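Notes for the one structure printed next.
The chains referred to below are lettered A, B, ... by the order of the sequence lines, with proteins before strands, and numbering in each begins at 1. Since we're looking at a predicted model, the values are computed, not measured.
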Amino acid sequence: MALVLNEEQQMLKESAKGFLQETAPVEALRKLRDERDPMGYSRELWEQMAEMGWSGILVDEAYGGLAFGHVGMGQVMEENGRTLTASPLFSTAILGVSLISLAGSDAQKSALLPAIIEGKLVTALAIESGSRHRPAYTGVQASSSGEGYRLSGEKQFVIDGHVAGKLIVSARTSGAEGDQDGISLFLVDAGTAGLEIERVIMADSINSAIVRFKDVEVGADACLGPVDQGFAPLQQVLDIGNVHLAAELLGIAQEVFERTVQYMKERRQYGALIGSYQGLQHRAAHLFSEIELAKSVVIKALQALDEGSDDLRLLVSLAKAKVGEVATLATNEAVQLHGGIGMTDELEIGFFMKRARVAEQVFGDQRFHQGRFAALQGY
Amino acid sequence: MADLETFRTETRAWLEANCPPSQRLPAEDFEDTCWGGTKWRFTNPEQKQWLEVMAERGWTAPEWPTEYGGGGLSREEAKILNQEMARIGARAPLFSMGLSMIGPALLKYGSEEQKRQHIPNIVAGKIWWCQGYSEPNYGSDLAGLQTRAEDKGDHYLINGQKVWTSYANLADWMFCLVRTDPDAAKHAGISLVLFDMNQPGVTVKPIRLISGKSPFCETFLDNVRAEKDQLVGEVNKGWELASYLLTHEREMIGNMGQSTAIVKSLHEQAVEQVGLENGVLADSSLRTDITRWAMDDMAFQLTAERIGDESKAGQGTGAASSMLKYAGTENNKRRHELLLGIYGSQALAWEGEAFKDGQMASQWLRTKGNSIEGGTSEIQLNIISKRILGLGEK
């Protein structure tokens, strides 16, 4: 498979770019932040995205989706990285759709996927028990209760947790924390008794929440997939999520890099454009080289998600770790090369730096994925 | 796509039938990969046989046109051929500057006569080409070169000195940058000429490097003759060709780590030398360093593939060879530093049978030149800054 976009994917990328830059540039995120918007995103914007079909890019045609694939969705995410647009695209159209599609029964898929496509249902994945990514530690115990289950415990870093209609929760039904067996997935409605959701405003101003379960009762039909066997589909969805985060981070890296190079062609010191100084040129050129590497690992991982690959997990961790590293470098260099103005809130560079760090933390940072990359190869 | 699958099946069967056993072993020494030419001594009859059967199909130059002896394969077919060769560990049947540099330049800029004279011999490995570029006072600043070629009617008379000429002692012909107009601006008076090395006036002196023996030579040119019909392209327009050739050279050097790709991976060697503790490499810092290198290496290989695919699809920014040369050579240096970390004092032994006569230390030292030859890393960063990023204006 050639490492290039086909015509349809290219068209989706162009239209996503046009739409996001016109409708929801960084200025829109600044406004949500400054006005302390209670939703943290614009519902109207999400409806427009749904109308364009973005909420159904990964949904099977049988449930009314476009089944356009990960390479296509990855282009939307990359463009989203350039504008930092706040929306449930990641939480719902990527994570929710993928997990429901992989683990859900036909009844669950028929009930939930069309609602997601229409933009009416937002989902949030509640999987982190602490502040560092450890998916086999659930932090929530689920015990049998009547026909169903009773959930107790706490989740952190739940993206879109406070605006979701349904949470998808990993909980321990057997075994000990750290075991991959014995983890089950549950669908929990936002209004369920005993559920406490506390919005957390992260550095990037994008939605997150702490979710507490105090004897939350759910029916047997709340199980997403077989009991005790939730880790495998969860792992697959984490892989999917990580590749799309890498695509978003690639968009961030490219955007700050282009803005920085542009600034180097405008800013004068000592009577010359700062871009004429070799000390700065080489830093920019090195960053260019790193971004070229990042582009390749992202498209390879996206294609592997669509086509399957024996090396899928390796390619996922490669993409997340490498692009995490490159986005960190790109945002750091962007501030340094802008100088004092780069430190100001007025310039948008800071927004990119903050989002890059948060996006990198979601589902494991570069060190986590370096470790996984090594472990997958037996060392 | 069905055609490609047929091509794969047929290629696999043909390689199984035709690639001799010894040519499926990893190439460890210089002699293990054939460079061709009149002075080449085949290490065994199978190396000769492998070159001949591959050359007969044009598969030493898979993508070159069949009319000059090339394989005439599409990029996709050539990729498959590569994959199928890698599958059985087949060595490249031929490695040469003819294939990687002057051949592509002649196909693009050469006259019909030049193509007919030189290309089939390159495909068949009959002539060994060397490159006359750098001079003692003109390295990074190559365009300042001073080797003079005087127009003598039917030929040019060449006087000057070249340096870093790889295998000048074994080569049959040289492609050489010369100054044909000393009064023109420095980029405007350069030409590219071809000449036979087997003539009076060509003196070759090998250069010893920090890594020991080396392929590099100084080449002295005293009243050397190049026929007029061996001028490539137009007179005084040689800098364009030189740039084109440098692009090929950058790609070749950037890819050097790959040509010996069949050796064990770094992490496998590390596990053998250092061992595991609870399933994890016993030296955790080394584990991290190897992982970061392996990720950069994979990303680099994928980037070389992507840039090739993009140019085939008419996409991409072009001018990527500087990036590949920069990233590839810096990675290769890191790889050899890590090998020192993995093998410890063993890697630094300089003499003795047990240590293959210091091969590891010598290879490590040799990689230091990768980011110098073919344009230093800093020159590549300059090129990226100016040509791709458009920086430089004051």
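Using a 4.5 Å cut-off between heavy atoms, Leu280(A) does not touch chain B at all. Proximity to chain A involves both the backbone and the side chain of Leu389(B), based on heavy atoms less than 4.5 angstrom apart. Using a 4.5 Å cut-off between heavy atoms, Ile274(A) does not touch chain B at all. With a threshold of 4.5 angstrom between heavy atoms, Phe257(A) approaches chain B through side-chain atoms but not through N, CA, C or O. Residue Lys312(B): no heavy atom, backbone or side chain, is found under 4.5 Å from chain A. Contacts between Glu378(B) and chain A at a heavy-atom distance below 4.5 Å involve backbone atoms as well as side-chain atoms. Proximity to chain A is absent for every atom of Ser377(B), based on heavy atoms less than 4.5 angstrom apart.
The environment of CD in Gln336(A) is sparse: at most 12 heavy-atom neighbours from other residues, nucleotides or ligands sit within 6.0 Å. Within 6.0 Å of atom CG in Asn6(A), more than 12 heavy atoms from other residues, nucleotides or ligands are found, so the atom counts as buried in its surroundings. Residue-environment remark: CE (Met343(A)) stays at or below the threshold of 12 foreign heavy atoms within 6.0 Å. Summarising the local packing, CD of Glu8(A) is surrounded by 12 or fewer heavy atoms from other residues, nucleotides or ligands at distances under 6.0 Å. For Glu266(A), the CD atom sits in a packed shell: over 12 heavy atoms of surrounding residues, nucleotides or ligands are nearer than 6.0 Å.
Checking side-chain atoms of Arg287(B) against main-chain N and O of Ala374(A) turns up no donor-acceptor pair under 3.5 Å. At least one donor-acceptor pair closer than 3.5 Å links the side chain of Asp309(B) to the backbone N or O of Leu3(A). Arg268(A) contributes a side-chain N or O that, together with a main-chain N or O of Lys394(B), makes up a donor-acceptor pair within less than 3.5 Å. Put simply, the side chain of Arg306(B) never gets that close to the backbone of Ala2(A): no donor and acceptor are under 3.5 Å apart. A donor-acceptor distance shorter than 3.5 angstrom exists from the side chain of Ser385(B) to the backbone of Gln281(A), with no hydrogens or angles considered. Distance alone, capped at 3.5 Å, places no donor-acceptor pair between the Lys322(A) side chain and the Arg292(B) backbone.
At least one side-chain heavy atom of Leu315(A) sits under 4.5 Å from a side-chain heavy atom of Met298(B). Inter-residue side-chain proximity for Met295(B) and Gln370(A) is flagged as met; some heavy-atom pair is nearer than 4.5 Å.
Gly378(A) and Val271(B) get closest at one heavy-atom pair: O-CG2, 4.4 Å. Between Ser296(A) and Ala299(B) the shortest heavy-atom distance is CB-O, 4.2 Å. The minimum heavy-atom distance between Asn382(B) and Gln278(A), with the atom names listed, is OD1-NE2, 2.9 Å.
Among the candidates Glu258(A), Arg367(A), Gln366(A), His286(A), the residue making the largest number of heavy-atom pairs closer than 4.5 Å to chain B is His286(A). Your options are Ser317(A), Ala294(A), Gly371(A), Gly271(A), and the one with the most heavy-atom pairs under 4.5 Å with chain B is Gly371(A).
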task: Just do the side chain to side chain contact (heavy atoms under 4.5 Å, CB included) check on Gln377(A) and Thr291(B) with the steps written out, would you?
output: CA-CA 10 Å; Gln377(A) 293 182 95; Thr291(B) 302; over 6 Å; no
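Separating the CZ atom in Phe288(A) from the CD1 atom in Ile388(B) is a distance of 4.0 Å, to the nearest 0.5 Å. Once rounded to the nearest 0.5 Å, the distance linking NZ of Lys295(A) with CD of Glu310(B) reads 7.0 Å. In this structure, CD in Gln262(A) is found 10.0 Å from CG in Leu391(B), a value given to the nearest 0.5 Å. How far CG of Leu381(B) is from CG of Leu287(A): 11.5 Å, rounded to the nearest 0.5 Å. Going from atom OH of Tyr379(A) over to atom CG of Leu286(B) covers 9.0 Å, rounded to the nearest 0.5 Å. Leu293(A) contributes atom CG, which lies 8.5 Å from atom CG of Leu324(B) (distance to the nearest 0.5 angstrom).
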